[in-house]
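The sequence lines fix the lettering, A, B, ..., with proteins before strands; numbering per chain opens at 1.
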Amino acid sequence: MSRILIVDDEQAVLATLREFFGSYHLEVDCVDGLEKAYAMLRENRYAAVLADVQLSRLGDTEGLDLAGFVSERYPETAFVVLTAYGSNRVEREAREKGASFFLHKPIRLEDIGQIVFGLLEPK
Amino acid sequence: VSPLVLLEEAQKLVRMGSICLRLDSDEVIYSDSLRELLELDPSEPPSVEALAGRFRPEERARLLALLRRRDGSGDRGALFSTETGKSVQVKSKLLDDRTTVLGTILEVPGAATLEHELSNLLMVVQGNLDLIRLNAAKPEKIPVHVDLATHAVERLAQLSDRTRLW
């Protein structure tokens, strides 16, 4: 069974995505902050990480740090950005740091699923 | 201290800049605070194109229309996002000579957070509508999704109230 990590500061977003991916029998972990994400990544192996760029109300781009951390330490883990923070500069930086996809909220769950399930397919 | 120096300092204090645009020649003057606010290259001569280049590409045409306006019906304003992710309110006014536009650009720190919260809540509404449709064969799950979507709509209404402050 594939295991994925979802990182978002909004609990209702986490609950929604957990329900969606869980219904496809994926093992889903959800955390609401950068440090918690680092801790989960150190303890578990994930096929993919789905993360927002802005992980607090402070307007920072912590999700980009997370993308860099994942691509550097766990290159086998795919990284998908799901965000409202959609400037060209942020998208460019996310891709430079290893994000495979940059998705904009709000987005249909099936569209997120299509991207994530595609990444989980055996190469 | 001259009134102009005080005005410049006041603009920096409230994170605001100003621009003066001559419509007949496209000549532009910036305040120093505008260069600072939009992180404009100090070695680059002022131009309306350089200014627009600091905004998201999809917003540049709307910005230029606001700054190059030729109608004199008072001041107009709108919210924009810069390339670096700042949210700013831009206002313009055609002066009495009918060839000069005065513009102000004011950083609105709360707007980026508002955009973030709005998008998250819209994601929750959209996601739970999707889940209701996908779970049509499991009616016992539907009340949970209705509750999540309803709560998100209530929070959207609260956010809508906050925008009235602007």
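Counting heavy atoms from C-beta outward, A:D8 and B:M123 have side chains that stay 4.5 Å or more apart. Using a 4.5 Å heavy-atom cutoff, the side chains of A:K105 and B:N120 are in contact. By the 4.5 Å heavy-atom criterion applied to side chains, A:E19 and B:V144 are not counted as neighbours.
Side chain of B:D130 to backbone of A:L109: a donor-acceptor contact under 3.5 angstrom is found.
By the rule that hydrophobic residues join a cluster once side-chain heavy atoms approach within less than 4.5 Å of another member, B:L102 and B:L63 end up as members of separate clusters. Side-chain heavy atoms closer than 4.5 Å link hydrophobic residues (I, L, V, M, F, W, Y) into clusters, and following such links, possibly through other members, connects B:L34 to B:V48. Under the 4.5 Å side-chain heavy-atom criterion for Ile, Leu, Val, Met, Phe, Trp and Tyr, A:F101 and A:V28 are members of the same hydrophobic cluster. Follow the hydrophobic side-chain contacts under 4.5 Å out from B:L7 and you never reach B:I19; the two are in separate clusters. Under the 4.5 Å side-chain heavy-atom criterion for grouping Ile, Leu, Val, Met, Phe, Trp and Tyr, A:F79 is connected to A:Y38 within one hydrophobic cluster.
Looking at every heavy atom in both residues, A:F20 comes nearest to B:L134 through CE1-CD1, 3.7 Å. Minimum interatomic distance between A:A12 and B:L148 (heavy atoms only, all atoms of both residues): CB-CD2, 4.3 Å. Of all heavy-atom pairs between A:Q54 and B:H116, the closest is O-CE1, 3.2 Å.
Within 6.0 Å of CG on B:D24 lie more than 12 heavy atoms contributed by other residues, nucleotides or ligands. A 6.0 Å sphere centred on CD of A:E72 holds no more than 12 heavy atoms belonging to other residues, nucleotides or ligands.
Taken to the nearest 0.5 Å, the CD atom of A:Q11 stands 11.0 Å off from the NE2 atom of B:H151.
Only the side chain of B:Q126 has a heavy atom closer than 4.5 Å to any heavy atom of chain A.
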